[in-house]
Amino acid sequence: IPPCVHEGRVNKLLTSPFYLNEKVKKWDARKGVYQAGISGLGIGGTNVHMILEEPPVKVNGQEESDKWNIVPISAMTKESLYEQCIELIKACDNSSLSLKNIASVLQTGRKNYLYRISFSANSKDSLKEQLCKVAENGLIEMKAECAKEKRTVVFLFPGQGSQFFGICKELYQNNKLYRAIFDDCAARLSKDYIDVKGLLLGDENTSVMPEEINQTENAQPCLFVMEYTFAMTLIKLGIQPEIMIGHSLGEYTAAAVSGVISFEECFRLVVMRARLMQKMKAGGMISVATDLDKVQSTLGQQVQYDIAAINTFEQTVISGSDKDMEQAQKLLEEKGIPFVKLHVSHAFHSRMMEPMLNDFRDVLSKVHWNKPTIPYVSNYTGDYIKEEEAICPDYYLNHLRNSVQFARGVEKLRKLEDLLLVEMGANDVLIRLVNHGLGKTVEAVSIVADVGKIADRSFLFTKGLAFLWRKGCK
């Protein structure tokens, strides 16, 4: 502790826990945190007082084992990339460096070159193991990717069925940015609605039973919040979509992300839509592996049904009462046409939804609409949404009652170059539909898809971000 300058003689009669320091003095170790107050007194009356505190004590080698970090490495050539990997192996042995420090410097303090490789790690040992495997086995040639300078990022928002109890739990626990965005959204939700936070975070104390997340009135609000928080986290990280396309309910998420509806109003809209649907008569849906003409010629007039969705020009979804769907299955079996009975409780996008339209119109009339700020494809028209459609309540009635024209919407993506698809769900259903529709495999990632049966979705999310960076995202 430095001595006090210009100090005179101190009055020995003064008693106080405070004293003037007369000479350089060692600050004795003690329990607790070191804190110091510093005052600056100006002659003109401008004064300042600062309270300083020591930084948290870091124990060498101690790291958060459940925190996944992206470690990106880029260079102008593959040879230089290899050299950087070797240097990073040495850095992992430096006890003064934490994984968080290494990842932060590489993420923010380095220019992004075209040749890239990335790792997802939760400890320096994990990172070193991956680096050594790549370097020793000469896998740089195989693993390194030449990123494209410009990518057309497309956000895909799936429909009902892509949610389940606790899907956001690990990501919420281990990703500070996602947790902040999720908490902000949850704080804006009315307490009168279902416990979306408890269902998505897997809270065993939630008032709703875990299996009830699959009921329409619970599934759709949960799906919307899940997709919206995933998308906003990516946007906050700088991954901005140029185009978006949803499937059925997923279009509501696209509308909210685009600014057509506020998050709060869209959530209320989705809740009321789901509640009204839940009150409709039970029904069923069948996904048929053939085109629309074949479906119509096979079923003819023997079955009362509606075309719920045209997912690809070789995959048609029909919708109707349970009795009619049973009859449809028999006719399809007789013709040897492959089909799958969908696990749904109602006949969505069919005439069985018509009794709810007037009530839903009343809900829509109370919404404040805005023009889209990010283009997205309409399920109703199969074309880019027009401003007059996005802000018209009747559009959403038509969207609810009529077929999902997903195949036509995919055709709009055909004209775009260097597509990079990002699906906001627990599987890659829409990615596969887009690839089928385009007749080719497009570079894509489902941001938390459990393709390899990995339980920790915070790892999957981080791995997905690393993939997007390698492909050219900033």
Side-chain angles (χ1 to χ4, degrees), residues 64-70 120 122-123 156-234 236-237 249-250 252-253 256-257 263-264 266-268 270-271 274-275 278 343-345 422-430 445-465:
E64 299 179 41
S65 60
D66 60 352
K67 176 77 174 184
W68 294 96
N69 290 269
I70 301 173
S120 298
N122 65 345
S123 68
L156 307 177
F157 299 105
Q160 189 170 334
S162 293
Q163 78 295 321
F164 61 82
F165 185 73
I167 185 172
C168 302
K169 182 177 181 178
E170 295 87 9
L171 186 56
Y172 180 86
Q173 291 175 336
N174 299 329
N175 188 295
K176 288 193 294 185
L177 176 60
Y178 179 76
R179 183 164 58 249
I181 290 174
F182 189 101
D183 284 343
D184 176 64
C185 290
R188 290 148 61 188
L189 301 181
S190 171
K191 304 301 181 183
D192 297 330
Y193 299 133
I194 64 165
D195 183 11
V196 171
K197 184 173 183 178
L199 288 170
L200 291 177
L201 300 186
D203 183 359
E204 299 295 342
N205 296 318
T206 179
S207 58
V208 185
M209 297 297 290
E211 59 272 15
E212 291 182 32
I213 195 173
N214 295 318
Q215 294 179 3
T216 297
E217 62 181 333
N218 299 325
Q220 294 189 7
C222 286
L223 181 69
F224 167 69
V225 173
M226 178 193 80
E227 293 179 346
Y228 184 85
T229 52
F230 286 168
M232 297 312 294
T233 302
L234 292 181
K236 188 72 174 177
L237 290 169
L249 181 74
Y252 282 77
T253 313
V257 173
F263 169 77
E264 295 90 336
C266 197
F267 178 77
R268 183 178 66 86
V270 168
V271 167
R275 287 180 176 178
Q278 189 75 40
H343 297 288
V344 296
S345 57
V422 188
E423 184 163 350
M424 306 294 167
N427 51 48
D428 60 348
V429 171
L430 295 191
V445 63
S446 185
I447 203 64
V448 292
D450 197 4
V451 178
K453 304 301 179 186
I454 301 171
D456 189 348
R457 280 179 169 74
S458 64
F459 168 73
L460 295 170
F461 186 81
T462 306
K463 187 177 180 182
L465 292 177

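Because the structure is predicted, anything quoted here is derived from the model rather than measured.
Looking at every heavy atom in both residues, Leu199 comes nearest to Cys222 through CD1-SG, 3.7 Å. When all heavy atoms are compared, the tightest approach of Gly198 to Asp195 is N-OD1, 2.9 Å. The two residues Asn174 and Ser458 make their nearest non-hydrogen contact at ND2-OG, 3.1 Å. The minimum heavy-atom distance between Ser120 and Phe459, with the atom names listed, is CB-CE1, 3.8 Å. Contact record, Met226 with Gly425: CE-CA, 4.0 Å, taken as the closest heavy-atom pair.
Among residues two or more places apart in sequence or in another chain, the side chain to side chain donor-acceptor pair (under 3.5 Å) test is passed with Asp184 by Arg188. With sequence neighbours excluded, the residues forming a ring-ring contact (aromatic ring centres under 6.0 Å, His included) with Phe267 are Tyr193, listed by chain and number. Considering only residues two or more places apart in sequence or on other chains, Thr462 meets the side chain to side chain donor-acceptor pair (under 3.5 Å) condition with none of them. Looking at residues two or more places apart in sequence or on another chain, you find no salt bridge (Lys or Arg N to Asp or Glu O under 4.0 Å) involving Lys169. Residues passing the side chain to side chain donor-acceptor pair (under 3.5 Å) test with Thr229, sequence neighbours excluded: Tyr178.
Rounded to the nearest 0.5 angstrom, Leu465 CG and Ile447 CD1 are separated by 5.0 Å. Summarising the geometry, atom CZ belonging to Phe263 is positioned 4.5 Å from atom CG belonging to Leu189; distances are rounded to the nearest 0.5 Å. Annotation: the span from Gln220 atom CD to Arg275 atom CZ amounts to 12.5 Å, rounded to 0.5 Å. With values rounded to the nearest 0.5 angstrom, Tyr172 atom OH is found 3.5 Å from Lys197 atom NZ. The distance from the OG1 atom of Thr233 to the CZ atom of Phe461 is 5.0 Å, given to the nearest 0.5 Å. With rounding to the nearest 0.5 Å, the separation of CG in Leu223 from OG1 in Thr216 is 11.5 Å.
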- [ ] Would you sort out whether Cys168 and Phe230 count as a side-chain contact (heavy atoms from CB on, under 4.5 Å), showing the intermediate values?
- [x] CA-CA 9 Å; Cys168 302; Phe230 286 168; 4.2 Å; yes
Open item on the list: As a quick check of understanding, evaluate side-chain contact (heavy atoms from CB on, under 4.5 Å) for Gln160 and Leu249, giving each step before the final call.
Closed with: CA-CA 7 Å; Gln160 189 170 334; Leu249 181 74; 5.7 Å; no
TODO: Could you walk me through whether Leu201 and Phe182 pass the side-chain contact (heavy atoms from CB on, under 4.5 Å) test, one step at a time?
DONE: CA-CA 10 Å; Leu201 300 186; Phe182 189 101; 4.0 Å; yes
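Checked against a 6.0 Å centroid threshold, the rings of Tyr252 and Phe224 do not count as neighbours.
Gln278 places a side-chain N or O within donor-acceptor distance of the main-chain N or O of Glu217, the cut-off being under 3.5 Å.
You'll find the side chain of Thr253 stays beyond 4.5 Å of the side chain of Met424, heavy atoms only.
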